K.L.:
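One structure follows; several queries about it will come next.
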2 protein chains.
Amino acid sequence: MQRLPVYLRCLESLPPGQSRVSSDELAALAGVTSAKVRKDLSYLGSYGVRGVGYEVEHLKFQIGLELGLERDWSVVIVGIGNLGSALASYAGFIERRFRIVGLFDRDPRKYGMQVGDLIVEPMERLRAVVVEREALIGMITTPASAAQSVAQELADAGIRSILNFAPGVIQSPEGVDLRRVDLSTELQVLSFYLRRNGG
Amino acid sequence: MQRLPVYLRCLESLPPGQSRVSSDELAALAGVTSAKVRKDLSYLGSYGVRGVGYEVEHLKFQIGLELGLERDWSVVIVGIGNLGSALASYAGFIERRFRIVGLFDRDPRKYGMQVGDLIVEPMERLRAVVVEREALIGMITTPASAAQSVAQELADAGIRSILNFAPGVIQSPEGVDLRRVDLSTELQVLSFYLRRNGG
DNA sequence: GCCTGTGAAGGCATTCACAGCA
DNA sequence: TGCTGTGAATGCCTTCACAGGC
């Protein structure tokens with residue numbers, strides 16, 4: 001369920017003293033209806049108490065469990081330009097137990113460059129690092145033209161899930177789960193509605 | 001419709017010589033069904049030719065029109081850390097006619113810093129820049145703790161749409177359209193399916 | 001009384017299937 | 001024959017509404 005991370009974020013934004021939430025309250029924070037919240041949460045099991053609400057800490061724990069937050073995930077990044085570097089040192093990943101364990105680039109001038117507490121390595125090292133550090137997730141932050149071949153290299157190295165930040169559509173290698181984050185598209189959606197409402 | 005940008009990207013990935021596409025072909029590239037493609041495109045008007053397919057260039061143009069790609073959009077960024085800097089010089093925005101026209105931060109040590117061809121300015125300059133350069137869109141790349149107040153400041157300055165990259169949920173100021181890009185959530189979705197499939 | 005859990009109803013998006021046109 | 005455009009059917013997600021506990 002795609003809304004669970006949102007609920008988790010909402011729960012975290014609650015004042016530390018608050019030990020209970022109602023579905024109404026959560027719904028208002030998350031920007032959805034209370035019925036949706038209740039139905040979503042009921043899939044995790046019946047953790048709410050009728051007439052009272054949900055216990056904040058318990059709910060956080062259960063959502064975390066559902067999302068796989070109880071373990072670390074190792075992640076490699078290919079394409080250490082501006083965006084790749086930013087993601088490499090993005091604090092939000094650590095907090096969600098995603099650990100960046102390898103940085104790769106095709107440009108020899110970047111080899112040895114330090115980003116955060118990692119060193120940029122050549123693509124030839126990809127497989128060794130993926131195996132050794134047990135990475136299952138890869139992020140692509142190369143230019144669009146390189147993304148497809150990098151995806152294949154990641155797959156060959158043993159990566160099972162890819163998050164692609166390169167603009168452009170690429171085909172998912174066999175047996176690999178692929179998601180895109182298209183930054184321009186996000187802005188496009190905004191501009192679309194802006195125009196519609198007379199921007 | 002959220003899939004139009006994807007179709008556009010697919011059309012752009014076609015070899016330059018190709019002047020026509022069928023809904024089947026586009027569907028395969030975009031990872032959807034051909035019926036969906038046809039229904040989506042039929043909302044733009046009937047630009048396909050039965051028995052032949054769609055004219056690539058014409059379709060690109062029509063989708064671009066629908067998405068508002070015929071004009072420039074001015075964008076400001078608040079929070080010039082790693083991510084903010086990366087977005088400030090992200091080439092993909094220019095290509096989609098999003099022009100970054102202002103960089104802002106609360107940290108005086110960042111004032112005057114050059115990023116791309118812009119200079120980081122204090123928040124006090126926000127309103128002036130927004131008005132002068134006619135920005136309607138703002139991106140928030142601050143830490144989570146600052147995001148809510150920055151959103152309000154953007155709204156007060158005249159920004160109508162906000163893209164929030166800060167982790168955590170914030171409430172949309174009155175009259176402002178708010179979207180979130182939660183990088184950790186994207187990874188969480190991947191790890192969720194990884195675990196489900198025995199990762 | 002209050003708030004959750006959940007069947008039932010409703011609405012929206014997807015898919016089907018085929019008529020229509022090149 | 002090939003492929004689009006589109007009503008009809010399907011299925012899924014959301015919303016409603018209320019019974020059931022605290």
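In what follows, chains carry the letters A, B, and so on, assigned in the order in which the sequence lines appear, proteins first and then strands, with residues in each chain numbered from 1. Everything numeric here is computed off the predicted structure, so don't read it as measured data.
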K.L.:
Just so I know, are the side chains of A:F165 and A:I77 near enough to count as touching, which here means a heavy-atom distance under 4.5 Å?
P.N.:
no
K.L.:
Taking only residues two or more places apart in sequence, or in another chain, which ones meet A:D40 in a side-chain contact (heavy atoms from CB on, under 4.5 Å)?
P.N.:
A:M1, A:R3, A:Y7, A:K36
K.L.:
Under a 3.5 Å cutoff, is there a donor and acceptor pairing between the side chains of A:S23 and A:R38?
P.N.:
yes
K.L.:
Identify the two heavy atoms, one from A:R97 and one from A:E70, that lie closest to each other, and give their separation to 0.1 Å.
P.N.:
NH1-O, 3.1 Å
K.L.:
If the condition is salt bridge (charged side-chain N to carboxylate O under 4.0 Å, His left out), which residues does A:K60 pass it with, not counting sequence neighbours?
P.N.:
A:E57
K.L.:
Could you state the atom-to-atom distance from CE of A:M1 to C1' of D:dC12 in whole Å?
P.N.:
11 Å
K.L.:
Linking directly or through intermediates, with side-chain heavy atoms under 4.5 Å: list the remaining ILVMFWY members grouped with B:F104, chain and number order.
P.N.:
B:V76, B:V78, B:V101, B:M123, B:L126, B:V129, B:V130, B:I140, B:V150, B:L154, B:I159, B:I162, B:I170, B:V176, B:L178
K.L.:
Run the ring pair (Phe, Tyr, Trp, His ring centres under 6.0 Å) test against A:Y111 and tell me which residues pass, sequence neighbours left out.
P.N.:
none
K.L.:
Considering only heavy atoms, which members of residues 2-18 of chain A lie under 4.0 Å from some atom of DNA chain D?
P.N.:
A:R3
K.L.:
Can you list everything that forms a ring pair (Phe, Tyr, Trp, His ring centres under 6.0 Å) with A:Y90? Sequence neighbours excluded, please.
P.N.:
A:F93
K.L.:
Does A:K36 or B:S42 map to a spot on DNA chain D nearer the 5' end, using the closest nucleotide for each?
P.N.:
B:S42
K.L.:
Just how far, in rounded Å, is C1' of D:dG5 from CG of B:L41?
P.N.:
11 Å
K.L.:
Under 4.0 Å, counting only non-hydrogen atoms across every strand here, what does A:Y47 touch: a base, just sugar-phosphate, or nothing?
P.N.:
sugar-phosphate
K.L.:
The criterion is side-chain contact (heavy atoms from CB on, under 4.5 Å); which residues satisfy it with A:S89, sequence neighbours excluded?
P.N.:
B:N82
K.L.:
Enumerate the residues from residues 22-35 of chain A whose closest heavy atom to DNA chain C is under 4.0 Å, giving them by residue number; use none for an empty result.
P.N.:
A:S22, A:S23
K.L.:
Is there a donor-acceptor pair under 3.5 Å between the side chain of A:R127 and the backbone N or O of A:D156?
P.N.:
yes
K.L.:
Please produce a list of atom pairs where a protein N or O lies less than 3.5 Å from an N or O of nucleotides 18-22 of chain D.
P.N.:
residue	atom	partner	partner atom	Å
D:dG20	N3	A:R50	NH1	3.1

K.L.:
Walk along DNA chain C from 5' to 3' and tell me the first and last nucleotide with an atom closer than 4.0 Å to a non-hydrogen atom of chain B.
P.N.:
C:dT14 to C:dA22
K.L.:
Checking B:R106 now: which residues fulfil side chain to side chain donor-acceptor pair (under 3.5 Å) with it, not counting sequence neighbours?
P.N.:
B:S149, B:E153
K.L.:
Tell me: NZ of A:K39 to C1' of D:dC16, nearest whole Å?
P.N.:
10 Å
K.L.:
Got A:Q188 and B:L69 here, is their nearest side-chain heavy-atom distance under 4.5 Å?
P.N.:
yes
K.L.:
Apply ring pair (Phe, Tyr, Trp, His ring centres under 6.0 Å) to B:Y47 and list each qualifying residue two or more places apart in sequence or on a separate chain.
P.N.:
B:H58
